[in-house]
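Starting from 1, each residue takes its place in the sequence as its number.
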Amino acid sequence: MGFEGEKREEEEGVRMANDFFWSYTDEPHASRRRQILSQYPQIKHLFGPDPFAFLKISGVVLLQLWTATFLHDATWLKILIVAYFFGSFLNHNLFLAIHELSHNLAFSTPTYNRWLGIFANLPVGVPMSVTFQKYHLEHHRFQGVDGIDMDIPSQTEAHVVKNVLAKSIWVILQLFFYAFRPLFLKPKPPGVWEFINFTIQLSLDGAMVYFWGWKSLAYLILSTFVGGGMHPMAGHFISEHYVFKPEQETYSYYGPLNLMTWSVGYHNEHHDFPRIPGSKLYKVKEIAPEYYENLDAYKSWSQVIYMYIMDRTVGPFSRMKRKLSTKANKSE
């Protein structure tokens, strides 16, 4: 594969690395995509929007907003319990719906996807759908590229998060790192769409507080926060690209939570074919099994979180990096 883990500690397998894994080859997905399409051109028939995306997103948005109004006079303990065991699943589903929409997989017209993303954003509580798309598409086009792929932890995170306690705190707060890392390391000037996203979101938040009180808004934000931390749904943040096996930089998850997460667990398949909606990604593995069956994959996101925290050799440095290639990666 052509990688090195530079400046690794002595006694490999006992101590945590103090630098990222460095690859001197291009990311693996573009070449695998070309190989698969040359052998199985029928996969192109899977490209295109999910015709049921709008209905699925609308149902979750309305259910979550109704739940928030229902809890307007609930105790804080009840709000926290409902947020963790119910609302977190809904809001994380919407976060991954926004991921789906960033690839224009609900409508053929990009503008319609953007509007639907702003709508899906409403129960999340904080405006993020438009900004997320900007950074996420770079993650695909420049996977692992130093200074461009903001999915990779910062040097500060990696040097500080070095033990079980620090990793536990990092997992609990990982949604904050995920959201704020690009704003500090690679800020992009906001545009008209960010302003629209911001205005609509704050209007919904204000209306929620005005008509139903602070507890309803707190429920929505708590659902987002706990669902992105020490929670089974949030295991995909770690499972997708954290390197547990140096020869592999992207990992799929084949478990039941794919039903609630737009099949984001099919992550190798998604990076190979980002124009295929989550509802059809399983067909890629069915059509071309020889390309995926020999890759390491997971069956439990909770287990991934546990392994990440308890394995002394794994931490924020457990990511593959590369320098910018002279060839542009056309993953999208």
Any side-chain heavy-atom pair of Lys134 and Met150 under 4.5 Å: no

If we ignore angles and hydrogens, is there a donor and acceptor under 3.5 Å between the side chains of Gln143 and Thr250? yes

Check whether any side-chain N or O of Ser88 sits under 3.5 Å from a backbone N or O of Val226 as a donor-acceptor pair, and report yes or no. no

With ring pair (Phe, Tyr, Trp, His ring centres under 6.0 Å) as the criterion, how do Tyr251 and Tyr298 come out once you've worked through the C-alpha distance, each side chain's angles and the decisive distance to 0.1 Å? CA-CA 7 Å; Tyr251 299 77; Tyr298 302 110; 5.6 Å; yes

Under 3.5 Å donor-acceptor, Asn113 side chain and Ser102 backbone: no

Ile238 and Val171: side chain to side chain contact (heavy atoms under 4.5 Å, CB included), yes or no, with the steps? CA-CA 9 Å; Ile238 297 171; Val171 168; 4.2 Å; yes

Using every non-hydrogen atom in the two residues, find where Gln133 and Leu101 come nearest and quote the distance to one decimal. NE2-O, 4.2 Å

Other residues, nucleotides and ligands only: do more than 12 of their heavy atoms fall within 6.0 Å of CZ on Phe52? no

Is Asp146 salt-bridged to Arg322, going by a charged N under 4.0 Å from an acidic O? no

Apply side chain to side chain donor-acceptor pair (under 3.5 Å) to Thr156 and Ser154, showing your working. CA-CA 5 Å; Thr156 301; Ser154 65; 4.6 Å; no

Count the heavy atoms belonging to other residues, nucleotides or ligands that lie under 6.0 Å from CZ of Phe198, then report whether that count exceeds 12. no

Report, as yes or no, whether the 6.0 Å neighbourhood of atom CZ on Phe244 holds more than 12 heavy atoms from other residues, nucleotides or ligands. yes

Are Ile287 and Leu46 side-chain neighbours, meaning at least one heavy-atom pair lies under 4.5 Å? yes

Under 4.5 Å between any side-chain heavy atoms of Asn93 and Phe89, yes or no? no

Residue from His99, His92, His231 passing ring-ring contact (aromatic ring centres under 6.0 Å, His included) with Phe237: His92

Does the Ser216 side chain pair with the main chain of Met208, one donor and one acceptor, at a distance under 3.5 Å? no

Compute whether any side-chain donor of one residue and acceptor of the other, for Thr111 and Thr109, lie under 3.5 angstrom apart. no

Output yes when Glu157 and Arg181 qualify as a salt bridge under the 4.0 Å nitrogen-oxygen rule, no when they do not. yes

Starting from Leu63, can I reach Tyr219 by hopping between I/L/V/M/F/W/Y residues whose side chains sit under 4.5 Å apart? yes

Within the structure provided, determine whether Ile309 and Met230 are in side-chain contact (heavy-atom separation under 4.5 Å). yes

His236 vs Phe95 aromatic rings, parallel, tilted or perpendicular, using cut-offs 30° and 60°? tilted

Where do Ile36 and Tyr292 land on the side chain to side chain contact (heavy atoms under 4.5 Å, CB included) test, with the steps shown first? CA-CA 11 Å; Ile36 293 175; Tyr292 300 103; 3.3 Å; yes

Side chains of Asn258 and Ser263: do they bring a donor and an acceptor to under 3.5 Å? no

Is it the case that more than 12 heavy atoms not belonging to Tyr112 sit under 6.0 Å from its OH atom? no

cation_pi(Lys285, Tyr266) dist<6.0 Å, angle<=45: no

Asp19 bridged to Lys321 by N-O distance under 4.0 Å: no

Is the Phe70-Trp66 ring centre distance short of 6.0 angstrom? yes

Could you please spell out the steps behind the side chain to side chain contact (heavy atoms under 4.5 Å, CB included) verdict for Ser223 and Gln64? CA-CA 10 Å; Ser223 295; Gln64 182 68 321; 3.5 Å; yes

Side chains of Leu220 and Leu122 in contact at under 4.5 Å (non-hydrogen atoms): no

Is it the case that over 12 heavy atoms from other parts of the model lie below 6.0 angstrom from the CZ atom of Phe47? yes

For Tyr282 and Glu269, which I'm curious about, is there any donor-acceptor pair between the side chains at under 3.5 Å? no

His29 and His140: side chain to side chain donor-acceptor pair (under 3.5 Å), yes or no, with the steps? CA-CA 9 Å; His29 302 289; His140 275 265; over 6 Å; no

Would you check if there is a donor-acceptor pair between the side chains of Tyr291 and Gln39 at a distance under 3.5 Å? yes

Is a salt bridge present between Asp272 and Arg32, judged by a nitrogen-to-oxygen distance below 4.0 Å? yes

Could you state whether Leu116 and Val264 fall into the same hydrophobic cluster, counting links through intermediate Ile, Leu, Val, Met, Phe, Trp or Tyr residues with side-chain heavy atoms under 4.5 angstrom apart? yes

Decide side chain to side chain contact (heavy atoms under 4.5 Å, CB included) for Asn163 and Lys167; before the verdict, give the C-alpha distance in whole Å, the side-chain angles of both, and the deciding distance to 0.1 Å. CA-CA 6 Å; Asn163 54 52; Lys167 286 194 284 184; over 6 Å; no

Answer with yes or no whether the hydrophobic clustering places Val82 together with Leu62; edges join I, L, V, M, F, W, Y residues whose side-chain heavy atoms lie under 4.5 Å apart. no

Does a sphere of radius 6.0 Å around OH in Tyr40 hold more than 12 heavy atoms from other residues, nucleotides or ligands, not counting ones at 6.0 Å or beyond? yes

Expected output: side-chain His271 to main-chain Asn268 donor-acceptor under 3.5 Å: no

Kindly determine whether Glu240 and Tyr253 satisfy side chain to side chain donor-acceptor pair (under 3.5 Å), including the steps that lead there. CA-CA 8 Å; Glu240 291 167 357; Tyr253 155 83; over 6 Å; no

Can you classify the ring geometry of His267 versus His270 as parallel (below 30°), tilted (30 to 60°) or perpendicular (above 60°)? tilted

Neighbour count >12 (heavy atoms, 6.0 Å) for atom NZ, Lys78: no

In terms of ring plane angle, is the pair Trp170 and Phe177 parallel, tilted or perpendicular, where the classes change at 30° and 60°? parallel

Has the side chain of Thr131 got a donor or acceptor atom that lies under 3.5 Å from a matching backbone atom of Met128? no

Does any non-hydrogen side-chain atom of Asp50 lie less than 4.5 Å from one of Trp262? yes

Within the supplied structure, the quantity of interest is the number of heavy atoms (other residues, nucleotides, ligands) at a distance under 6.0 Å from Lys44 NZ; does it exceed 12? no

dist Phe85:CZ -> Ile81:CD1 (nearest 0.5 Å) comes out at 7.5 Å

Are Leu65 and Val209 linked, directly or through other ILVMFWY residues, by side chains that come within less than 4.5 angstrom of each other? yes

Can you find a pair of side-chain heavy atoms, one from His136 and one from His103, that are under 4.5 Å apart? yes

Assess whether a salt bridge exists between Glu249 and Arg319, defined as any Lys/Arg side-chain N lying under 4.0 Å from an Asp/Glu carboxylate O. no

Taking C-beta and beyond as the side chain, do Trp76 and Lys215 meet within less than 4.5 Å on heavy atoms? yes

Using only atom types and a distance under 3.5 Å, with no angle test, would you say the side chain of Glu100 pairs donor to acceptor with the backbone of Gly278? yes

Exactly one of Phe20, Trp22, Tyr242, Phe21 should register a ring-ring contact (aromatic ring centres under 6.0 Å, His included) with Phe317. Which one does? Phe20

Flag for Asn121-Gln201: side-chain donor and acceptor within less than 3.5 Å: yes

Before you tell me yes or no, could you show the steps for Ser239 and Trp301 under side chain to side chain donor-acceptor pair (under 3.5 Å), namely the whole-Å CA-CA distance, both residues' side-chain angles and the distance that decides it to 0.1 Å? CA-CA 7 Å; Ser239 73; Trp301 277 331; 3.0 Å; yes

